[in-house]
Amino acid sequence: MARLDAEMLDQILTTLREYAEKNIPPSKLLEIELGHDFPEKVMKDIYDPGQIGLHLLTIPEEFGGLGGGAYDIYRVSEAMASIDLGIATGVLATFLGTDPINVGATPEQKAAWLGDLAEHGHFYAYGATEPQAGSDLGALSTTAVPVEEGGRVVGYRISGRKQWISNGGVADRYTILANAPGGPSWFLVEKGAEGFTTGKPEDKHGIRASNTAALFLENVYVPADRLIGLAEGKGLAQAQAVFGYTRLMVAAFGLGAGWEALRRAVRYSQERVQGGGPLSQKQGYTHKLLVPNAVRLEAARAYIEWVAERLDAGEDDLATEGAVAKYLATEAGNKAAEDAIQALGGYGYTREYMVEKIKRDVRITTIYEGTSEIMEWTIARDRWQLHLKSRGQYYVDWAARAEKRQAQSPNVGAGLAAMALRSIGALLERARLDRLTRNQHVLFRLGELIAYAETAALFAERAAAAPTTASGLEETTLAAMARVHAREACLKVATEGLRWAVGAGQTDPALKEQLHLDAAVAAQAGLVEDMDAIARDLVRAFPAK
Ligand SMILES: Cc1cc2nc3c(=O)[nH]c(=O)nc-3n(C[C@H](O)[C@H](O)[C@H](O)COP(=O)(O)OP(=O)(O)OC[C@H]3O[C@@H](n4cnc5c(N)ncnc54)[C@H](O)[C@@H]3O)c2cc1C
């Protein structure tokens, strides 16, 4: 997949930032969310090619778009989320709504629908979830009954209800997942179609600038050429195929919102004097409320960038990697925002300082596009398969690659990441032999530990070979962060791996050694010094205004 040139991407990010500074300062965002209004003018400006034209980002150039790739989507999603996650969700809904078209439509359908979108900047909505079909989309009950004329299918009548649909009450076009005789299939439905109505906006905990509504379809007729891809039964595969992208987008939302809260806390800590000095110089504050969040967010960024580059290189089967990225980035974003409230004390608990709003907003990222628990399950299930298929070699091989990196770059924690990966391999094997994953909780915990071990390896690799330019931090800081994250990963795999394996009745008396517990404890040497360095660079990178 193509990628924008760096100059073009920078221009989009700058335009977005300048637009936000001028038109939606924090006071305006608070006003929008208090009124729970859908900011139609802002959304129209964002879609207006004369101003930003953001909907063009994912449309291929041949259909009048910019032809941006996954890396561009990640950067723009992060930037949008750092402005306002509700508005970002409205834009995401259009990307999401057109994804079934991007992955499944015929060339003629793409030309017609994406060309139309490029020209008119319609709002799209993506209608998958139903009242009884959330995490389990297989429980879908919306139906698409074929209408035949002269023995030929000329159209479908769609009936059912969709729940929690972003842009649900304001979209012009809807992609709707429904059961046709050949299986779940995506259809394009237009606003105003007979029998199609939408519910009132949901009164939500956060992202109150986004419109979320139920959809009601009663015998809604769509011509047969609105069946995406013109073949029934491909809907779930198409939904699966878009996950690599959409989970990456939501991962970038967690990153953007989490970093925005954290930047606010870092700046505040330099101005707020307590106990005879600024909070930014108090280790008990920085090493609890700031540094661990910066580390987790940057570990997630390293993984996001890796997934984005692979998608842009043409790989399309990255749903598991998308799940790791989404899981860690959104959990990290949520925790960063929670800690930012604490870091601002009483001020953090008031609306004016914005971190309270960010916390409520970012909460959704661990729920939509697959909950954190579903991510844990997806990661564990898919990597379990790889472990079995490779006869236990998958993480052994990955650990060997990390050890090679350690030999070349001894400063990024790659050796500790290798230890975490080896321990994961040993844990999966023990789980196989003792049938531990018959306990669902053990399987889900494995998902979490795998995510930590894999991000540790990726963070180390990228801190050495491809340090990000997107975070504003020094390369030496990224290396220190990679070390801190790798320390956490190897200790977490050892202690929590042991906890749940023993808790579920594992039988190996030497499992502690297999999970390198003593070495993982010894690896904590130097941790506080690294955290000191990270705290200093946060202050340098995000000075008080
Ligand atoms: C603001 C908002 C916007 C949204 N936008 C859209 C949209 O545009 N389009 C769309 O199609 N959907 C959208 N959704 C729906 C969203 O994707 C779902 O809410 C989400 O997938 C979870 O489904 P659910 O709400 O039915 O929860 P459930 O699936 O009922 O989950 C409830 C809890 O149970 C856990 N759980 C579920 N299954 C299992 C299991 N097998 N084992 C263990 N634990 C489990 C979950 O992790 C969660 O903690 C949106 C939701 C919200 C709130």
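By convention here, the first residue in the shown sequence is residue 1. Counting starts at 1 for both ligands and their atoms, in listed order.
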Original post:
Is there a donor-acceptor contact under 3.5 Å linking the side chains of Y394 and Q385?
Top reply: no
Original post:
How close does the nearest protein non-hydrogen atom get to atom 12 (N) of ligand 1, and which residue and atom is it?
Top reply: T129 OG1, 2.7 Å
**OP:** Report the nearest protein non-hydrogen atom to atom 50 (C) of ligand 1: residue, atom name, distance rounded to 0.1 Å.
**Re:** W164 O, 3.1 Å
Subject >> Distance in Å, F38 CZ paired with N167 CG, rounded so as to fall on 0.5 Å steps >> reply: 5.5 Å
Original post:
In terms of atom number and element, which parts of ligand 1 are under 4.0 angstrom from non-hydrogen atoms of E369?
Top reply: 17 (O)
**OP:** Start with the C-alpha distance between R264 and E260, add both sets of side-chain angles, then the distance that settles salt bridge (Lys or Arg N to Asp or Glu O under 4.0 Å), and finish with yes or no.
**Re:** CA-CA 6 Å; R264 285 175 181 272; E260 181 58 26; 3.1 Å; yes
Original post:
With a 4.5 Å heavy-atom cut-off, do E376 and I379 have their side chains touching?
Top reply: no
**OP:** Starting from atom 24 (P) of ligand 1, locate the nearest protein heavy atom and write down its residue, its atom name and how far away it is, to 0.1 Å.
**Re:** G134 CA, 3.9 Å
**OP:** Flag atom 30 (O) of ligand 1 as yes if some protein heavy-atom distance to it falls below 4.0 Å, otherwise no.
**Re:** no
Subject >> Under 4.0 Å to a heavy atom of Y126 - the qualifying atoms of ligand 1, by number >> reply: 7 (C), 8 (O), 9 (N), 10 (C), 11 (O)
**OP:** Look at the rings of F196 and Y174 and say which category their plane angle falls in: under 30° parallel, 30 to 60° tilted, over 60° perpendicular.
**Re:** perpendicular
**OP:** Among all protein heavy atoms, pick out the one at the shortest distance from atom 3 (C) of ligand 1; state its residue, atom name and that distance to 0.1 Å.
**Re:** S166 OG, 3.3 Å
Subject >> Atoms in ligand 1 flagged as close to I207, the criterion being non-hydrogen separation under 4.0 Å >> reply: 1 (C)
**OP:** Write out the residue and atom name of the closest protein heavy atom to atom 21 (O) of ligand 1, then the distance separating them to 0.1 Å.
**Re:** I367 O, 4.0 Å
Original post:
Can you tell me if Q440 has a non-hydrogen atom under 4.0 Å from ligand 1?
Top reply: yes
**OP:** Could you tell me whether atom 47 (O) of ligand 1 has a protein heavy atom closer than 4.0 Å?
**Re:** yes
**OP:** Evaluate the ring-ring contact (aromatic ring centres under 6.0 Å, His included) criterion for residues W186 and Y126: first the C-alpha distance (whole Å), next the side-chain angles of each, then the deciding distance (0.1 Å), finally the verdict.
**Re:** CA-CA 10 Å; W186 287 98; Y126 175 87; 4.8 Å; yes
Subject >> S135 N/O to ligand 1 N/O under 3.5 Å >> reply: yes
Subject >> Partners passing ring pair (Phe, Tyr, Trp, His ring centres under 6.0 Å) against H485 (at least two apart in sequence or in another chain) >> reply: Y452
**OP:** Would you kindly specify which portion of I364 sits under 4.0 Å from ligand 1, judged on non-hydrogen atoms: side chain, backbone, both or neither?
**Re:** side chain
Original post:
Which ligand 1 atoms does E373 reach within 4.0 Å, using its non-hydrogen atoms?
Top reply: 46 (C), 47 (O), 49 (O)
Original post:
Hey, which atoms in ligand 1 end up nearer than 4.0 Å to a heavy atom of K204?
Top reply: 1 (C)
**OP:** Name the orientation class of the two ring planes belonging to H55 and Y47 (parallel below 30°, tilted from 30 to 60°, perpendicular beyond 60°).
**Re:** parallel
**OP:** Would you check if there is a donor-acceptor pair between the side chains of N334 and K359 at a distance under 3.5 Å?
**Re:** yes
Original post:
What is the nearest protein non-hydrogen atom to atom 22 (C) of ligand 1, stated with its residue, atom name and distance?
Top reply: T371 CG2, 3.8 Å
Original post:
With a cut-off of 4.0 Å, which atoms of ligand 1 are near a heavy atom of I374?
Top reply: 38 (N), 39 (C)
Original post:
So which protein heavy atom does atom 44 (N) of ligand 1 come closest to, and at what separation?
Top reply: F444 CE2, 4.4 Å
**OP:** Could you tell me whether E369 and R247 have a side-chain N and a carboxylate O separated by less than 4.0 Å?
**Re:** no
